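Shown next, in structure tokens, is the structure this report addresses.
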Amino acid sequence: MKFVSLVWCNLRRKKLRTWLTILSVFVAFVLFGLLCALKEAFTAGVAVAGADRLIARHKVSLIMLLPESYSRRMRQIPGVDSAVHFTWFNGIYQDDARNFFASMPISDPEEFLKIFPEYVLPESARKEWMATRTGAIVGRSLAGRFGWKVGDQVPLKSPIWPRKGGGAWEFKIVGIYEGAKRATDTSGFYFRYDYFDEARMRGEGEVGWYAIRVADPDQAERVASALDAEFVNSPFETKTEPEGAFAQGFAQQIGDIGTMLIAILSAVFFTILLVAGNTMAQAVRERTEELGLLKAVGFTNGLVLVLVLAESTLIAMAGGLTGLGAAWLITAGGSPMPSVLPVFYLPPHLLLVGLGMIFGLGLIAGLLPALDAMRLRIAVALRRQA
Amino acid sequence: MDVSQQPLVRLEGVEKSFQRGSEQIHVLANLSLQVGRGEFLALMGPSGSGKSTLLNLVGGLDRPTAGAVEIDGERIDQLSERQLAAWRARHVGLVFQFYNLLPMLNAERNVELPLLLTHLSRGERREHVRVALEVVGLSHRTRHYPRTLSGGEQQRVGIARAIVNDPTLLLCDEPTGDLDRKTGDEILTLLQALNRDQGKTIIMVTHDPHASARATRTLYLEKGQFSTEKPE
Ligand SMILES: Nc1ncnc2c1ncn2[C@@H]1O[C@H](COP(=O)(O)OP(=O)(O)OP(=O)(O)O)[C@@H](O)[C@H]1O
Ligand SMILES: [Mg+2]
């Protein structure tokens with residue numbers, strides 16, 4: 001402990017340099033935090049994907065539709081527990097294209113909630129949904145975004161699905177669902193297919209994709225093949241895959257985000273390593289006589305090494321901890337673009353990775369200068385002044 | 001033989017050479033020296049004769065190429081780096097021409113430096129520092145930083161740092177070399193008092209005959225050898 005003030009006074013020596021170094025470390029770790037949240041946002045779907053869920057879509061493309069009648073045939077395939085279908089609705093609130101979110105009709109509220117247990121809905125809301133033809137449930141974050149409450153009437157327009165007779169689709173919010181896990185997306189808007197199918201101007205009986213729950217997750221592969229085999233040689237062939245793969249495919253349409261983020265982060269940290277390393281190298285070089293003096297009065301080589309490493313670690317911690325903290329605060333404020341990134345937070349395990357990187361940075365940046373300081377010969381160091 | 005009868009410093013056949021590029025520079029050759037307890041030895045000689053080099057060997061700051069360096073019965077040339085560092089902390093005080101104070105620490109903290117390596121508590125360290133600064137007559141400047149002190153005051157801080165561990169041996173390399181005559185005299189008076197009243201054994205390198213006059217013995221180093229007569 002008594003050496004701490006020794007390290008501290010060295011940091012104060014060139015205040016501007018110390019501050020600039022701390023600032024660059026700070027910026028790097030804010031960036032790290034935000035990029036981690038971004039990566040999490042893009043991969044959240046994969047991470048929370050149910051192991052027991054399959055997604056079946058049109059073999060050619062996700063945007064091509066499938067017949068509604070597949071539900072019944074799917075349920076008859078051995079190993080299939082239940083199936084629910086979705087159709088991309090693209091609802092827009094208040095005629096403003098920015099008020100966009102994931103909205104879709106689902107075939108059966110009961111089945112839907114069974115297949116997606118991570119959407120937690122109060123029992124009363126569920127009953128209300130069963131009883132209300134125009135009923136819709138919305139996720140907590142979406143409800144928060146527009147200030148919707150249970151009982152609200154919400155008109156949405158869909159550029160894809162015009163309503164018979166024109167005008168907006170009218171929905172009544174019957175419930176607000178919570179996410180069972182932190183990474184659960186609560187930005188969805190789900191409503192009943194029967195209302196949708198009856199009132200849409202065209203496309204009757206056509207739906208977007210199916211989510212299927214298998215009885216035994218270990219059999220998922222086999223069931224997926226059986227499903228695709230069932231519809232082979234029909235005009236609507238399917239492609240069935242585990243939900244995780246589906247979500248990943250979705251994310252990859254935007255580009256290989258993970259690789260890109262890692263590349264950016266590597267560049268950032270390489271740069272910051274050079275900045276911090278250079279600061280430490282200078283700090284040691286301009287203190288040659290002082291280090292020589294410390295050794296002359298009996299400081300061991302090992303102690304001198306530790307003092308220099310402590311100094312660089314302190315710089316890394318000052319910038320890194322505040323940077324991570326700032327990133328955490330920013331992400332805690334919620335997603336900057338809820339429509340594009342519904343899930344946006346800094347996961348605790350990446351926070352730990354960040355901590356590790358702070359210490360790694362401090363030690364690596366300080367290592368070469370510290371070794372120089374350690375190897376410094378007293379007689380030579382003291383001669384420099386004479 | 002009674003330990004107190006032994007010389008405190010004993011050099012036997014000491015050689016020191018430096019490698020400079022491909023060239024080997026022999027600075028000290030087969031040098032022997034004994035310094036008794038309580039002596040105040042002045043070391044003179046032309047620039048480059050190896051005075052500082054010799055002082056470094058005695059203080060355990062460097063190792064001889066050959067020969068034995070024995071301080072208080074201990075062969076310090078045979079100690080490991082780590083042992084040597086611990087030995088320096090306990091047994092020698094060093095005083096430099098340019099004081100070598102740490103600019104970021106005030107007088108008190110500079111003096112405290114060697115004590116950081118001991119097991120003394122904060123309070124005990126503070127007390128030792130207070131006494132050392134009092135001995136050198138700087139009790140009124142304890143919180144001053146080196147740049148706000150005069151040369152003579154800085155050298156007093158340097159001396160306080162050298163004696164704070166209560167070492168038996170003080171090694172001073174041109175302690176008055178950077179001071180005017182009057183201030184230098186004050187420093188010499190201080191060293192003399194330390195030698196006389198506290199029984200410190202002192203080896204002082206100097207170019208100034210005025211300074212060497214204060215010592216109990218003077219040796220001249222030239223071409224790697226000692227003589228007691230000032231060479232022409
Ligand atoms: N680390 C070193 N590497 C190479 N040569 C050295 C080294 N230290 C000292 N020397 C050489 O050894 C010789 C003696 O140096 P030293 O510093 O001991 O002389 P000095 O008597 O103290 O001189 P001055 O009165 O100028 O201080 C010089 O020629 C010097 O260049
Ligand atoms: Mg010298």
Side-chain angles (χ1 to χ4, degrees), chain A residues 1-19 279-280 282-308 310-312 314-315 370-386, chain B residues 16 18 27 47 52-57 59-63 80-106 109-122 125 145 158 161-162 164-165 167 171 173-174 177-178 205:
Chain A
M1 269 329 270
K2 52 193 172 189
F3 297 107
V4 170
S5 58
L6 214 52
V7 175
W8 181 243
C9 78
N10 282 325
L11 289 176
R12 280 191 349 224
R13 178 186 310 247
K14 293 266 163 80
K15 287 204 189 70
L16 181 64
R17 183 177 69 196
T18 302
W19 278 117
T279 296
M280 287 315 296
Q282 273 182 26
V284 165
R285 220 177 304 122
E286 72 199 12
R287 288 215 283 277
T288 302
E289 288 88 2
E290 294 175 34
L291 291 167
L293 183 275
L294 288 181
K295 290 186 179 191
V297 302
F299 282 54
T300 58
N301 290 338
L303 181 53
V304 168
L305 176 95
V306 169
L307 288 177
V308 175
E311 192 173 326
S312 64
L314 215 61
I315 290 182
L371 285 176
D372 277 351
M374 187 179 103
R375 295 202 199 99
L376 197 63
R377 307 233 341 267
I378 306 171
V380 177
L382 291 177
R383 274 184 81 77
R384 295 215 336 181
Q385 200 160 51
Chain B
K16 181 70 185 176
F18 294 104
V27 180
S47 190
S52 297
T53 303
L54 178 68
L55 220 51
N56 285 346
L57 296 180
L61 303 177
D62 208 350
R63 292 165 188 281
S80 71
E81 277 301 319
R82 177 180 266 281
Q83 288 170 321
L84 199 55
W87 179 87
R88 283 195 300 271
R90 261 179 297 122
H91 297 286
V92 282
L94 304 163
V95 178
F96 306 92
Q97 178 178 1
F98 300 106
Y99 331 123
N100 285 66
L101 303 177
L102 301 200
M104 298 304 295
L105 300 181
N106 64 24
R109 305 280 319 283
N110 263 292
V111 176
E112 190 192 18
L113 273 180
L115 296 180
L116 294 179
L117 302 166
T118 65
H119 294 294
L120 296 179
S121 73
R122 193 193 176 92
R125 292 202 302 271
Y145 284 83
R161 181 181 63 195
V164 75
N165 263 350
L171 303 177
D173 199 342
E174 302 183 38
D178 202 42
V205 169

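We name chains A, B, ... by the order of the sequence lines, and we start the count at 1 in each one. Everything numeric here is computed off the predicted structure, so don't read it as measured data.
- In this structure, the portions of F299(A) lying under 4.5 Å from any heavy atom of chain B include both its backbone and its side chain.
- Defined by atom type and a distance below 3.5 Å, a donor-acceptor pair is present between the side-chain atoms of N10(A) and R13(A).
- Proximity to chain B (any heavy atom under 4.5 Å) is shown, for R12(A), by both the backbone and the side chain.
- Interface remark: L105(B) contributes side-chain atoms only to the contact with chain A (heavy atom separation under 4.5 Å).
- In terms of heavy-atom pairs under 4.5 Å with chain B, the best-connected choice from G298(A), S5(A), G292(A) is G298(A).
- Side chain of K295(A) to main chain of A381(A): no donor-acceptor pair is present (N/O by atom type, distance under 3.5 Å, no hydrogens or angles).
- Per-residue heavy-atom pair counts under 4.5 Å with chain A were compared for L116(B), D173(B), N165(B), and the maximum is reached by L116(B).
- In terms of non-hydrogen atom pairs under 4.5 Å with chain A, the most contact-rich of R125(B), E81(B), E174(B) is R125(B).
- For the options L6(A), T300(A), L293(A), heavy-atom pairs under 4.5 Å to chain B are most numerous at L293(A).
- Both the backbone and the side chain of L61(B) come within less than 4.5 Å of a heavy atom in chain A.
- A distance of 10.0 Å separates CD in E286(A) from CG in L291(A), rounded to the nearest 0.5 Å.
- Within the 3.5 Å criterion, the main-chain N or O of L102(B) finds a donor-acceptor partner in the side chain of N110(B).
- In terms of non-hydrogen atom pairs under 4.5 Å with chain A, the most contact-rich of A89(B), S52(B), G60(B) is A89(B).
- Within the 4.5 angstrom heavy-atom criterion, only backbone atoms of T118(B) (N, CA, C, O) approach chain A.
- The closest donor-acceptor contact from the side chain of E290(A) to the backbone of R287(A) lies at 3.5 Å or more, if one exists at all.
- Salt-bridge check for K2(A) with E112(B): failed, with every basic side-chain N at 4.0 Å or more from each acidic carboxylate O.
- Looking only at side-chain heavy atoms (C-beta outward), D62(B) and I378(A) stay at 4.5 Å or farther from each other.
- Residues K14(A) and T279(A) are not in side-chain contact: their nearest non-hydrogen atoms beyond the backbone lie 4.5 Å or more apart.
- At a 4.5 Å heavy-atom cutoff, R90(B) makes no contact with chain A through either its backbone or its side chain.
- Neither the backbone nor the side chain of R122(B) comes within less than 4.5 Å of any heavy atom in chain A.
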